[in-house]
Colleague: 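Below is the structure I would like to discuss, written out as structure tokens.
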Amino acid sequence: YEFMDARHFSLPVIRPLKEVFHMRILIINPNSDQNTEVLLQRTAEHFLQERTAVETISITSAPRLIVTYADQAASVPELIKLFRQRGDQYDAFVLACHGDPNLELVQELAGGKPVYGIAQASMRMAAMRGGFAVLTPSAKIIPKKFALARKYHCEDQLKTVQVSKS
């Protein structure tokens, strides 16, 4: 809460912080799966409970599942366009794909604003707690998960990568 001096009252007026500071976060779903976009938006809204404004956008030019580097590259023109047109409207960004596709590009386009990749965030948090495993939807992605763990300096804590059954 913020305390403010009120001109017409002898006691301070207390306002909730959400009225004082309203951060705007853009969640980028770097694939074109609309069901994922809806799930991400609902989850973020439930978690944030109106404390922060959040919007989720899918990259429609990308495939439904990003498996290869070519899949990852397909989203680049749309990502650049998104940031040029709307990047200044947000205070922070979340890249919501566990492969963190184009994370460095998004960080560059964000111009110093915070950018969080969910692979980087989840692997580093899990590594702090000890060994961890990763589930992935495709066997083709397994080598990339180990490469990300090396990149994020937690390869010793990553014990296994398994393909999910669903």
Colleague: Is there a path of hydrophobic side-chain contacts, each under 4.5 Å between heavy atoms, that joins Phe146 and Val134?
Modeller: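 Yes.
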Colleague: Honestly, is Lys144 close enough over Tyr69, meaning NZ or CZ under 6.0 Å from the six-membered ring centre and within 45° of the axis?
Modeller: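 Yes, Lys144 and Tyr69 form such a contact.
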Colleague: Which value, rounded to the nearest 0.5 Å, describes the distance between His98 atom NE2 and Leu148 atom CG?
Modeller: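 Reported to 0.5 Å precision, the distance equals 8.0 Å.
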Colleague: Before you tell me yes or no, could you show the steps for Tyr90 and Ile25 under side chain to side chain contact (heavy atoms under 4.5 Å, CB included), namely the whole-Å CA-CA distance, both residues' side-chain angles and the distance that decides it to 0.1 Å?
Modeller: CA-CA 6 Å; Tyr90 302 97; Ile25 298 174; over 6 Å; no
Colleague: Between the side chain of Asp71 and the main-chain N/O of Pro63, is any donor-acceptor distance below 3.5 Å?
Modeller: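 Looks like no, no N/O pair under 3.5 Å.
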Colleague: Report the residues that fulfil ring-ring contact (aromatic ring centres under 6.0 Å, His included) with Phe132, sequence neighbours left out, ordered by chain and then residue number.
Modeller: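 Listed in chain order: nothing, the list is empty.
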Colleague: Using the rule side-chain contact (heavy atoms from CB on, under 4.5 Å), only one of Leu40, Ile59, Ile57 pairs with Ile28; which is it?
Modeller: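 Among the candidates, only Ile59 passes.
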Colleague: Of all heavy-atom pairs between Tyr116 and Leu103, which one has the smallest distance, and what is that distance?
Modeller: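 Closest heavy-atom pair between Tyr116 and Leu103: C-CD1, 4.5 Å.
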Colleague: Could you tell me whether the side chain of Ser75 and the main chain of Gln72 form a donor-acceptor pair under 3.5 Å?
Modeller: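 Checking the backbone N and O of Gln72 against the side chain of Ser75, a donor-acceptor pair under 3.5 Å is found.
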Colleague: Taking all heavy atoms of Gln157 and all of Gly130, pick out the closest pair and write down the distance.
Modeller: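 What the structure gives for the nearest pair is CB-O, 3.5 Å.
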Colleague: Please list all pairs meeting salt bridge (Lys or Arg N to Asp or Glu O under 4.0 Å) that have one or both residues in residues 111-139, counting only residues at least two apart or in different chains.
Modeller: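 Listed by first then second residue: nothing to list.
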Colleague: Donor-acceptor pair, Ser122 side chain versus Ile118 backbone, under 3.5 Å?
Modeller: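 Present.
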Colleague: Give the C-alpha distance, both sets of side-chain angles, the deciding distance and a yes or no for side chain to side chain contact (heavy atoms under 4.5 Å, CB included) between Asn31 and Arg64.
Modeller: CA-CA 5 Å; Asn31 61 57; Arg64 288 191 64 206; 5.7 Å; no
Colleague: Minimum heavy-atom separation for Val163 and Ser138, please, with both atom names.
Modeller: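 It is CG2-C, 4.0 Å.
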Colleague: Which heavy atom of Gln85 sits nearest to which heavy atom of Asp88, and what is that distance?
Modeller: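 Taking every non-hydrogen atom into account, O-OD1, 4.3 Å.
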Colleague: So Thr136 and Gln162, side-chain hydrogen bond (donor to acceptor under 3.5 Å, both in side chains) or not? Walk me through it.
Modeller: CA-CA 6 Å; Thr136 185; Gln162 299 289 320; over 6 Å; no
Colleague: To the nearest 0.5 Å, what is the distance between NE2 on His153 and CE on Met123?
Modeller: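 Output value for this atom pair is 13.0 Å.
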Colleague: Show your working on salt bridge (charged side-chain N to carboxylate O under 4.0 Å, His left out) between Arg86 and Glu55 and close with a plain yes or no.
Modeller: CA-CA 12 Å; Arg86 301 181 56 194; Glu55 182 179 3; 2.8 Å; yes
Colleague: Indicate whether any N or O donor in one side chain lies under 3.5 Å from an N or O acceptor in the other, for Ser61 and Glu78.
Modeller: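 A pair is found: one side chain offers a donor N or O, the other an acceptor, under 3.5 Å apart.
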Colleague: Report the distance from atom CE of Met125 to atom SG of Cys154, rounding to the nearest 0.5 Å.
Modeller: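 It is 12.0 Å, given to the nearest 0.5 Å.
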Colleague: Let me confirm one number: the CZ-CD distance from Phe83 to Glu108, rounded to the nearest 0.5 Å.
Modeller: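 CD of Glu108 is found 11.0 Å from CZ of Phe83.
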Colleague: Would you confirm whether Lys81, through its side chain, and Val76, through its main-chain N or O, come within 3.5 Å as a donor-acceptor pair?
Modeller: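 Not confirmed, Lys81 side chain does not pair with Val76 backbone.
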Colleague: I'd like to know whether CZ of Phe93 has more than 12 heavy-atom contacts from other residues, nucleotides or ligands below 6.0 angstrom.
Modeller: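 It does: Phe93 CZ has more than 12 such atoms within range.
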Colleague: Does some side-chain heavy atom of Pro30 sit less than 4.5 Å from a side-chain heavy atom of Asn102?
Modeller: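 Not touching, per the 4.5 Å side-chain cut-off.
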Colleague: CZ of Arg24: more than 12 outside heavy atoms within 6.0 angstrom?
Modeller: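 Enclosed.
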Colleague: State plainly whether one hydrophobic cluster holds both Met23 and Phe47, where clusters connect Ile, Leu, Val, Met, Phe, Trp and Tyr through side-chain heavy atoms under 4.5 angstrom apart.
Modeller: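 Cluster IDs for Met23 and Phe47 match.
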Colleague: Determine whether the side chains of Glu45 and Gln41 contain a donor N or O and an acceptor N or O closer than 3.5 Å.
Modeller: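 Looking only at side-chain atoms, Gln41 and Glu45 do form a donor-acceptor pair, the distance falling under 3.5 Å.
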Colleague: Enter the distance from Arg150:CZ to Asp156:CG here, rounded to the nearest 0.5 Å.
Modeller: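 Going from CZ on Arg150 over to CG on Asp156, the span is 11.0 Å.
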Colleague: Is there a donor-acceptor contact under 3.5 Å from the side chain of Ser58 to the main chain of Thr60?
Modeller: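 Side chain of Ser58 to backbone of Thr60: no pair is present.
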Colleague: Check Pro143 against Ala139 and note the closest heavy-atom contact, atom names and distance.
Modeller: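 Pro143 and Ala139 have their closest heavy atoms at CD-O, 3.9 Å.
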Colleague: Looking only at non-hydrogen atoms, find the nearest pair between Tyr152 and Asp100 and report the distance.
Modeller: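 Scanning both residues, the minimum pair turns out to be OH-OD2, 2.6 Å.
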Colleague: Counting only N and O atoms by type, is there a donor-acceptor contact under 3.5 Å from the side chain of Asn29 to the main-chain atoms of Cys97?
Modeller: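 Flag not set: sc Asn29 to bb Cys97 has no pair under 3.5 Å.
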Colleague: If you round to the nearest 0.5 Å, how far is CD1 of Ile141 from CD1 of Ile66?
Modeller: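 Those atoms lie 9.0 Å apart.
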Colleague: Look at Glu104 together with Lys151 and state whether they make a salt bridge at an N to O cut-off of under 4.0 Å.
Modeller: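 Looking at Glu104 and Lys151, the cut-off is met.
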Colleague: Run the side chain to side chain contact (heavy atoms under 4.5 Å, CB included) check on Leu79 and Val106 step by step: do they pass?
Modeller: CA-CA 8 Å; Leu79 269 173; Val106 173; 4.1 Å; yes
Colleague: Pick out which of Ile27, Thr43, Leu26 makes a side-chain contact (heavy atoms from CB on, under 4.5 Å) with Val54.
Modeller: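 Checked Ile27, Thr43, Leu26 against Val54; only one passes side-chain contact (heavy atoms from CB on, under 4.5 Å): Ile27.
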